[in-house]
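Beneath this line is the structure, given in structure tokens, with notes to follow.
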Amino acid sequence: MTKEELMRRAVALSEENVKKGGGPFGAVIAKDGEIIAEGTNRVTANNDPTAHAEMEAIRAASRCLKTFDLSGCEIYTSCEPCPMCLGAIYWAHIDRMYYGNGKKDAARIGFDDAFIYEELGRIPEKRRLRSEVMLSGEAGKAFLMWEEKADKVKY
């Protein structure tokens, strides 16, 4: 399939999802021009705030390819990804991303994630989400174990 056909599929998924009562987001993951996985926004359907189209597509692609490393794949998404999805795309090592609508388009219809980008730039004490460090010495044991582990699988 061409890049345009793959993007059109992501857009079609977003439209189909709106008709079914879901959010206006669709995503396709392809490898060598073939669709590996698809996803739509399932936040309200699954009562899962992480069930964005890109996350659903990444999960499906990882199951299909039996790997967490999606190098060699491309993602086509109907909208510029939110910070969570963008992070997942990076963690999955996806080679390239294409998107239709921009984040300003999403904000215009009520999906504004600018505050998350702003929060990430703040020191933890200045964020809206109250947090504090606890039991760092105890928590550090797992890090030490990982650091010393000879057969760890890096990701």
Tell me whether Leu86 shares a hydrophobic cluster with Ile94, the cluster being built from Ile, Leu, Val, Met, Phe, Trp, Tyr side chains joined at under 4.5 Å. yes
Looking at Gly26 and Ser14, what are the two nearest heavy atoms and their distance? N-CB, 3.5 Å
Can you tell me if Tyr99 has over 12 outside heavy atoms packed within less than 6.0 Å of its OH? no
Please report the C-alpha distance between Lys3 and Tyr76 in whole Å, then the side-chain angles of each, then the deciding distance to 0.1 Å, and finally whether the side-chain contact (heavy atoms from CB on, under 4.5 Å) criterion is met. CA-CA 8 Å; Lys3 290 190 281 191; Tyr76 297 79; 3.4 Å; yes
Hey, is Glu56 close enough to Arg59 for a salt bridge, meaning N to O under 4.0 Å? yes
Nearest heavy-atom neighbours spanning Leu13 and Gly39: CD1-O, 4.1 Å
In terms of heavy-atom contacts, Ala37 and Ala60 come closest through CB-CB, 3.6 Å
Hydrophobic cluster membership, with links at side-chain heavy-atom distances under 4.5 Å among I/L/V/M/F/W/Y: are Val28 and Ile36 in one? no
Testing the basics here: between Ala106 and Cys79, what is the closest heavy-atom pair and its distance to 0.1 Å? CB-SG, 3.8 Å
Could you tell me if Ser71 and Asp69 have a donor-acceptor pair between their side chains, going purely by distance under 3.5 Å? yes
About how many Å separate CD of Glu125 and CD1 of Ile123, when rounded to the nearest 0.5 Å? 4.5 Å
Compare every heavy atom of Met97 with every heavy atom of Pro81, then report the nearest pair and how far apart it is. CG-SD, 3.4 Å
About how many Å separate CG of Asn17 and OG of Ser78, when rounded to the nearest 0.5 Å? 9.0 Å
Quick one: CH2 on Trp91 to CZ on Phe68, what's the gap to the nearest 0.5 Å? 11.5 Å
With the side chain counted from C-beta on, respond yes when Asp105 and Glu80 share a heavy-atom pair under 4.5 Å apart, and no when they do not. no
With side-chain contact (heavy atoms from CB on, under 4.5 Å) as the criterion, how do Ile75 and Glu54 come out once you've worked through the C-alpha distance, each side chain's angles and the decisive distance to 0.1 Å? CA-CA 8 Å; Ile75 189 164; Glu54 298 90 342; 4.0 Å; yes
Taking the inter-plane angle between the rings of Tyr155 and Trp146 on a 0 to 90° scale, is it parallel (under 30°), tilted (30 to 60°) or perpendicular (over 60°)? perpendicular
Atom CZ of Arg127: over 12 foreign heavy atoms under 6.0 Å: yes
Should Val11 and Val18 be regarded as members of a common hydrophobic cluster, given that ILVMFWY residues are connected when their side-chain heavy atoms come within less than 4.5 Å of each other, either directly or indirectly? no
Below 4.5 Å, heavy atoms only, C-beta onward: do His52 and Asn41 meet side chain to side chain? yes
Test of understanding: with side chain to side chain donor-acceptor pair (under 3.5 Å), list the residues that count as partners of Glu15, not counting sequence neighbours. none
If you round to the nearest 0.5 Å, how far is OG1 of Thr50 from CE of Met84? 5.5 Å
Using side-chain heavy atoms (C-beta onward) and a distance below 4.5 Å, is Pro24 in contact with Phe111? yes
All heavy atoms of Thr44 vs all of Gly21, minimum pair found to be OG1-O, 4.3 Å
For Lys152, is the NZ atom crowded, meaning more than 12 foreign heavy atoms sit under 6.0 Å from it? yes
Gap separating the CD1 atom of Ile89 from the SG atom of Cys73, nearest 0.5 angstrom: 12.0 Å
Tell me which donor-acceptor pairs under 3.5 Å the side chains of residues 112-121 have, and how far apart each pair is, sequence neighbours excluded?
| from | atom 1 | to | atom 2 | distance (Å) |
| --- | --- | --- | --- | --- |
| Asp112 | OD1 | Ala114 | N | 3.0 |
| Glu119 | OE1 | Arg128 | N | 2.7 |
| Glu119 | OE2 | Arg122 | NH1 | 2.6 |

To the nearest 0.5 Å, atom CE of Met7 lies from atom CD of Glu74 at 10.5 Å
